[in-house]
Amino acid sequence: MTKLILANNQAHNAISGAVQLLSSGRSCLDVVEEGIKHVENDPEIITVGYGGAPNLLGQMELDASIMDGSTRQTGAVGALIGFAHPISVARRVMHDLPHELLVGEGAARFADEIGAEKRDMLSPKAKQSYVKWIAENFEGINAAEELQDKKLAEYTWPSARADIAKGTTTFLVCDGKGMLAAGASTSGWAYCYPGRLGDSPIIGAGVYVDNRYGGATCTHTGEMTIRCSTARSVVLYMKKGATVQEASHEALQDLKDLKLGYIGPVVIHAIDTNSNHYVCTNQSEGAKEPYCFWKEDMAEPVRTSPVVI
Ligand code: ASP
């Protein structure tokens with residue numbers, strides 16, 4: 001077993017720092033948190049943290065989760081508004097509360113209570129894109145404010161397209177001594193119905209890790225991985241004897257077997273306890289974004305594409 005980090009493309013500016021932290025002996029959970037914080041701060045990443053995309057009402061509702069593979073303790077926040085680092089709030093949920101997931105006002109109240117850094121997470125660029133989206137897609141709506149009192153369901157459908165900004169940052173980390181951790185953070189589905197949660201804060205759907213078998217994280221269509229408990233499924237298939245590749249293929253097949261509902265790309269990132277990793281996707285759309293990987297014997301992290309199955 002060696003130290004390793006498997007992250008997705010959104011982490012390409014963060015992975016070198018994460019590698020340094022892991023190499024210097026910081027814990028897997030620290031590496032997950034610090035790596036994700038870096039992405040949450042990066043305004044160029046239009047699907048995570050500051051610079052991410054708002055919901056249909058222009059609100060920045062952010063989701064994040066973290067999981068400890070040794071205890072299977074988790075912490076998650078959903079639809080958190082007004083804080084710079086959802087991942088850090090999620091970690092404090094794990095440590096400070098007898099709960100696993102806080103959403104909306106309760107999550108914000110807790111973030112405030114622990115003194116989490118406050119920030120308006122809607123960047124000027126993201127606001128511009130949002131205003132443009134409203135103008136281009138909704139005839140007769142001249143300003144975003146005019147949506148506030150409307151029934152929003154019909155306005156949600158135009159964003160149900162694979163080319164609309166979606167994305168998450170996910171990290172899987174192994175310390176080379178048997179400890180695994182995982183985490184995710186996202187602004188979710190751009191221009192979604194307010195209150196929509198994807199899979200990133202749903203443990204078992206977007207994130208799962210267990211020191212005994214391995215871990216998995218998912219990106220893209222959270223609506224599908226919630227229906228299949230995909231991250232947990234990968235780990236369960238490994239528990240039942242599948243290799244990391246076989247387990248990922250089984251979980252991907254479960255996604256491909258889904259009928260009706262919103263169907264789109266999903267990328268599965270998985271590691272086992274022998275430092276093997278595998279990344280695959282159900283659609284070529286999902287392969288457009290490479291993933292980032294580093295293992296102790298590599299001088300630099302690499303970026304490479306998922307396998308399309
Ligand atoms: N999986 C995320 C969600 O459903 C978004 C993404 O990764 O594209 O919110």
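Each ligand, and each atom within it, is numbered from 1 in the order the structure gives. Being a predicted model, the structure only gives us computed values, none of them experimental. Residue numbers run from 1 in the order of the sequence given.
- Considering backbone and side-chain atoms together, D63 places no N or O closer than 3.5 Å to any N or O of ligand 1.
- Side-chain contact between V267 and V279 is present, with heavy atoms from C-beta onward closer than 4.5 Å.
- The G188 neighbourhood of ligand 1 comprises atoms 9 (O), with distances under 4.0 Å to a heavy atom of that residue.
- Short contacts between ligand 1 and G198, defined as distances under 4.0 Å to a heavy atom of the residue, involve ligand atoms 3 (C), 4 (O), 9 (O).
- Under 4.0 Å is where a charged nitrogen must lie from a carboxylate oxygen, and between D210 and R212 at least one such pair does.
- When hydrogens are left out, the protein atom nearest atom 7 (O) of ligand 1 is T168 OG1, 2.4 Å; that is the closest non-hydrogen contact.
- Looking at R196 and E223, a side-chain N of the basic residue comes within less than 4.0 Å of a carboxylate O on the acidic one, giving a salt bridge.
- Protein heavy atom at the shortest distance from atom 8 (O) of ligand 1 is G167 N, 2.7 Å.
- Looking at K118 and D112, a side-chain N of the basic residue comes within less than 4.0 Å of a carboxylate O on the acidic one, giving a salt bridge.
- Cation-pi geometry between R119 and Y50 is satisfied (NZ or CZ under 6.0 Å from the ring centre, within 45° of the ring normal).
- With a 4.0 Å cut-off on non-hydrogen atoms, R196 touches ligand 1 through its side chain and not its backbone.
- Using a 4.5 Å heavy-atom threshold, the side chains of H269 and L172 count as touching.
- For ligand 1 and G222, the ligand atoms under 4.0 Å from any heavy atom of the residue are 1 (N), 4 (O).
- Every heavy atom of G206 sits 4.0 Å or more from the atoms of ligand 1.
- Salt bridge annotation for K127-D120: absent, with no cationic side-chain nitrogen under 4.0 angstrom from a carboxylate oxygen.
- The option from E223, H220, Q10 that lies nearest to atom 6 (C) of ligand 1, judged by heavy atoms, is H220.
- Interface atoms of ligand 1 facing T219, defined by a heavy-atom separation under 4.0 Å, are 7 (O).
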